[in-house]
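First up is the structure itself, then whatever we jot down about it.
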Amino acid sequence: MDGRPTLRRRKLGRLKRRPEFLAVAGAKRKWAAPGFILQARRHDDRFHPAPGESELRLGLTATKKIGGAVVRNRARRRLRAAAAAVLPGHAAPGHDLVLIARSGTLTRGYADLLADLATGLRRLGLWQDGADPP
RNA sequence: CCAGACGGUCGGAUGACCGCUCUUCGGUCCCUGAGGCCGGAGGGAGGAAAGUCCGGGCUCCACGGAAACACGGUGCCGGCUAACCGCCGGCGGGGGCGACCCCAGGGAAAGUGCCACAGAAAGCAAACCGCCGGCCGGUCCCGGGUAUUCCCUCCGGGCCGAACGGCAAGGGUGAAAGGGUGCGGUAAGAGCGCACCGCGUCGCCGGCAACGGCGAUGGCAGGGUAAACCCCACCGGGAGCAAGACCGAAUAGGGGUGGCGGAGCCGGCGAACCCGAUCCAUCAGGGCGGGGGCGGCGGCGGGCGCGUUUCCGCGUUGCCGCCCGGGUUGGUCGCGAGAGGCGUUCGGUAACGGACGUCCCAGAGGAAUGGUCAUCCUUCGGGAUUGCCGACAGUCGGCAGUAUCGGAGACAGAACCCGGCUUACAGACCGUCUGGCCUC
RNA sequence: GAUCCCGUAGCUCAGCUGGUAGAGCACUUGACUUUUAAUCAAGUGGCCCUGGGUUCGAAUCCCAGCGGGAUCA
């Protein structure tokens, strides 16, 4: 126990407000994969985590275009699981990330989804080596 | 065995690893709080959670009331239910060989409207073609009388025409034409008469009733449309958990400007300003009286709002345009023990109700209830080895089918809760019944 | 979550007291003009969102569904 369990587990923060999503989309840093679209934005004075919140925050978007509530929920869950597996060990802190689901989110294999996510982080210059979480 | 009708149940299973959220227990940290973290135990989507089409609970508003009107809804009868446009049973009509299914199914002699085109006529009884009758006329034809013959004239018949009268069978139009079919009847016809069917009225019987059965009688009167207005009976105050309450924050929810209108009456208070007398004072100024009337207060009245009207009650009261600024994004409650689920039993044809026992069964908030893998199950496609059949025999074709490979597993995600309706849905299973075929 | 509105020609809309659906723009053809534009004349174009019902007859009335849009703290 190091006394800072929050950082030890590197829990992901979440984006909740519409202006935060718009700010990330407005940063113009994005990369499209068959299963999702990845957007990223470095923190600044206008949008940054609250004190005590994680240094890495994630937002998920699934529009009505890809299907009904069942399809949107499944897509969001797969993206959340993939992000929980990859981001805490490899994504550079100090950023907000947004994953947008698309129609391929449900048909893409899970291993491919993880690989796509790593590739996306490298393309946007956010990759850092680190131990994979247990 | 095949085809079908109705009702009901389920709607992938198991395991491993990694996660989310709620409840609870224990530990730990401090910034002591409804806190963070760690660990244990337990719970965690549906029959439709959907569409938001009805009905309620709950909350706020109008809650002072009432009556009438208006508006909306429902509509065979009886029952069930907290209630309903729901459900159950029955009746009537329609469909099916049948099990069974479908139907907004009150009133058209309370009144109004509409029924295009066509047709003579669309609602009130009338008559276009037509059928019939006698009379009159035409003198076209035939027969007869008179006469030798013809003309003329007379009688009868046919034909044609006009008006009159009788009829509604037939033709034709239409979705629909004032009962239908048949026989008699007649100048021709007609409920004119008769039989059957339909319809109306009356009586009796059965039924709580809708309605049904039987008999008598009338002699056809009363076309359709009320998912046209309407009439009758019954029901309904409005809005909705983004309801609403608390906490936190804030001086407050406003401010500036332009235009229009000059914003009722009365009473009292009354700033700026003006006037007067001249009191105090060196001046500034203060005091007194009058005018003035910003802005408040009270009363009456008016306008507007509470669906309309009446009596009454409450609230509000310059209007409009443009510009600026603030707030609303926060937290907690509401928020799950309920018209609750399951089982047994009793009453009831049933919907449903009673009693007893037992259980506690989701509470998220960019929105949890999952992600990945493996095995099994179901199903689809390919398919060796193998079996059967046929041709033929070194082989080929068909059917069945194992190992095995690949794919798919529907419709769909709680958002305050409940009862229904409607819509979507791969497949599996159970029960009852109907029609047909085969065997005993 | 709740409330409300609308689906008609290629586009924008009428028609909604039931009786075979119209306007403007667009398109095609012709005239005028050296040609184009403009103008004039004529013409084409519709399962009236879908399904069922009432009615002799439905874009219109009733019921159910599908699609689109707006508003509410």
Side-chain angles (χ1 to χ4, degrees):
Chain A
M1 300 300 170
D2 56 5
R4 300 179 64 191
T6 303
L7 291 186
R8 185 182 67 81
R9 297 195 60 244
R10 309 193 75 144
K11 195 172 175 179
L12 288 171
R14 292 217 330 262
L15 299 181
K16 293 186 177 180
R17 300 197 203 295
R18 177 172 167 79
E20 296 172 340
F21 280 81
L22 293 178
V24 175
K28 307 286 192 199
R29 294 179 66 187
K30 67 173 188 178
W31 183 75
F36 56 85
I37 297 171
L38 177 65
Q39 295 177 329
R41 182 179 189 276
R42 182 181 294 276
H43 294 156
D44 59 14
D45 292 338
R46 274 179 61 82
F47 292 101
H48 56 82
E53 197 179 354
S54 169
E55 281 297 302
L56 188 63
R57 298 192 300 177
L58 176 69
L60 296 169
T61 298
T63 67
K64 247 181 185 172
K65 197 171 68 178
I66 67 169
V70 175
V71 173
R72 277 180 282 140
N73 282 343
R74 281 184 56 83
R76 242 192 322 255
R77 284 163 184 160
R78 294 197 78 195
L79 292 181
R80 185 181 298 131
V86 173
L87 297 186
H90 298 293
H95 288 82
D96 288 339
L97 301 176
V98 168
L99 284 172
I100 302 174
R102 51 198 310 191
S103 55
T105 305
L106 295 185
T107 55
R108 189 82 168 157
Y110 186 66
D112 293 332
L113 217 52
L114 296 179
D116 290 343
L117 196 52
T119 306
L121 289 175
R122 288 196 185 90
R123 289 292 184 88
L124 298 184
L126 301 176
W127 178 265
Q128 65 178 17
D129 288 324
D132 283 328

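Just so we're on the same page: letters track the sequence lines, and every chain starts at 1.
- The nearest whole Å value for the distance from the CZ atom in Arg72(A) to the C1' atom in A50(B) is 13 Å.
- When rounded to the nearest whole Å, the span between CG of Leu60(A) and P of G366(B) equals 12 Å.
- Distance check on atom C1': G75(B) versus C60(B) gives 35 Å, rounded to whole Å.
- Glycosidic conformation, G336(B): syn, with the torsion inside 90° of 0.
- Searching all strands for a Watson-Crick or G-U wobble partner of U28(B) with both distances below 3.5 Å returns G36(B).
- Pairing each heavy atom of Pro34(A) with each of Asp116(A), the nearest pair is CD-OD2, 3.9 Å.
- The residue among Tyr110(A) and Gly68(A) whose nearest nucleotide of RNA chain B lies closer to the 5′ end is Tyr110(A).
- Taking atom C1' on both U55(C) and C114(B), the two are 12 Å apart, rounded to the nearest angstrom.
- Taking for each of Val70(A) and Ala82(A) the nucleotide of RNA chain B with the nearest heavy atom, the 5'-most of the two is the partner of Ala82(A).
- Residue Arg80(A) contributes atom CZ, which lies 11 Å from atom C1' of U369(B) at whole-angstrom precision.
- Distance from the side chain of Ala69(A) is smallest to G413(B) among G366(B), G413(B), U372(B).
- A donor-acceptor contact under 3.5 Å is formed by the side chain of Arg77(A) with the base of G413(B).
- Across the C1' atoms, C433(B) and A99(B) are found 6 Å apart, a figure rounded to whole Å.
- Between C117(B) and U3(C), the distance separating the two P atoms is 47 Å to the nearest Å.
- The glycosidic torsion of G276(B) lies more than 90° away from 0, which places this base in the anti conformation.
- Tested against Arg74(A) for a side chain to side chain contact (heavy atoms under 4.5 Å, CB included), the candidates Leu79(A), Thr105(A), Leu106(A) yield a single pass: Leu106(A).
- Heavy-atom minimum distance, Arg76(A) versus Ala62(A): NH1-CB, 4.2 Å.
- Separating the CG atom of Leu79(A) from the P atom of U372(B) is a distance of 11 Å, rounded to the nearest angstrom.
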Assess whether side-chain contact (heavy atoms from CB on, under 4.5 Å) is satisfied between Leu97(A) and Leu124(A), documenting all intermediate values. CA-CA 11 Å; Leu97(A) 301 176; Leu124(A) 298 184; 5.8 Å; no
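- Leu99(A) has its side chain within reach of Leu117(A): a pair of non-hydrogen atoms, C-beta onward, lies under 4.5 Å apart.
- In A45(B) the base sits syn relative to the sugar, since the glycosidic angle is no further than 90° from 0.
- Across all strands shown, C388(B) forms a Watson-Crick or G-U wobble pair, both distances under 3.5 Å, with G398(B).
- For G65(B) and C53(B), the P atoms lie 34 Å apart once the distance is rounded to whole Å.
- Using Watson-Crick or G-U wobble geometry with both donor-acceptor distances under 3.5 Å, C129(B) finds its partner in G170(B).
- Here the closest heavy-atom approach between residue Arg108(A) and residue Asp112(A) is recorded as NE-CB, 3.5 Å.
- Glycosidic conformation of G198(B) is anti; the angle lies outside 90° of 0.
- For C361(B), the base is syn relative to its sugar; the glycosidic angle is within 90° of 0.
- Pairing of G182(B), defined by two Watson-Crick or G-U wobble distances under 3.5 Å, is identified with C194(B).
- Base pairing of A121(B) is not made with any nucleotide, judged by Watson-Crick or G-U wobble geometry with both donor-acceptor distances under 3.5 Å.
- Looking at heavy-atom distances under 4.0 Å, Arg74(A) makes contact with sugar-phosphate atoms alone, never a base.
- Shortest non-hydrogen contact noted between Arg78(A) and Thr107(A) is NH1-N, 4.4 Å.
- Residue Asn73(A) has its side chain nearest to G413(B) when only G413(B), A367(B), U372(B) are considered.
- Pairing for A31(C) goes to U39(C), judged as Watson-Crick or G-U wobble with the two contacts each under 3.5 Å.
- Under the Watson-Crick or G-U wobble criterion, with both distances below 3.5 Å, G92(B) is paired with C103(B).
- Between G366(B) and Arg76(A), no contact under 4.0 Å exists linking OP1 or OP2 to a side-chain N or O.
- Using atom C1' as the reference point in both A49(B) and G419(B), the two lie 16 Å apart (nearest Å).
- Using N1 to N3 plus N6-O4 or O6-N4 for Watson-Crick, or N1-O2 and O6-N3 for G-U wobble, each under 3.5 Å, G258(B) pairs with C320(B).
- Within residues 115-122 of chain A, no residue has any heavy atom under 4.0 Å from RNA chain B.
- Rounded to whole Å, the P atom of C4(C) lies 31 Å from the corresponding atom of U310(B).
- Rounded to an integer number of Å, the gap from CG of Leu106(A) to P of A408(B) is 13 Å.
- Arg102(A) places a side-chain N or O within donor-acceptor distance of the main-chain N or O of Ala33(A), the cut-off being under 3.5 Å.
- Taking atom C1' on both nucleotides, C260(B) is separated from C25(C) by 43 Å, rounded to a whole Å.
- Comment: Asp96(A) does not engage Arg41(A) in a salt bridge, judged by the lack of any side-chain N to carboxylate O separation of less than 4.0 angstrom.
- Here the NE2 atom belonging to His95(A) is positioned 5.0 Å from the CG atom belonging to Leu126(A), to the nearest 0.5 angstrom.
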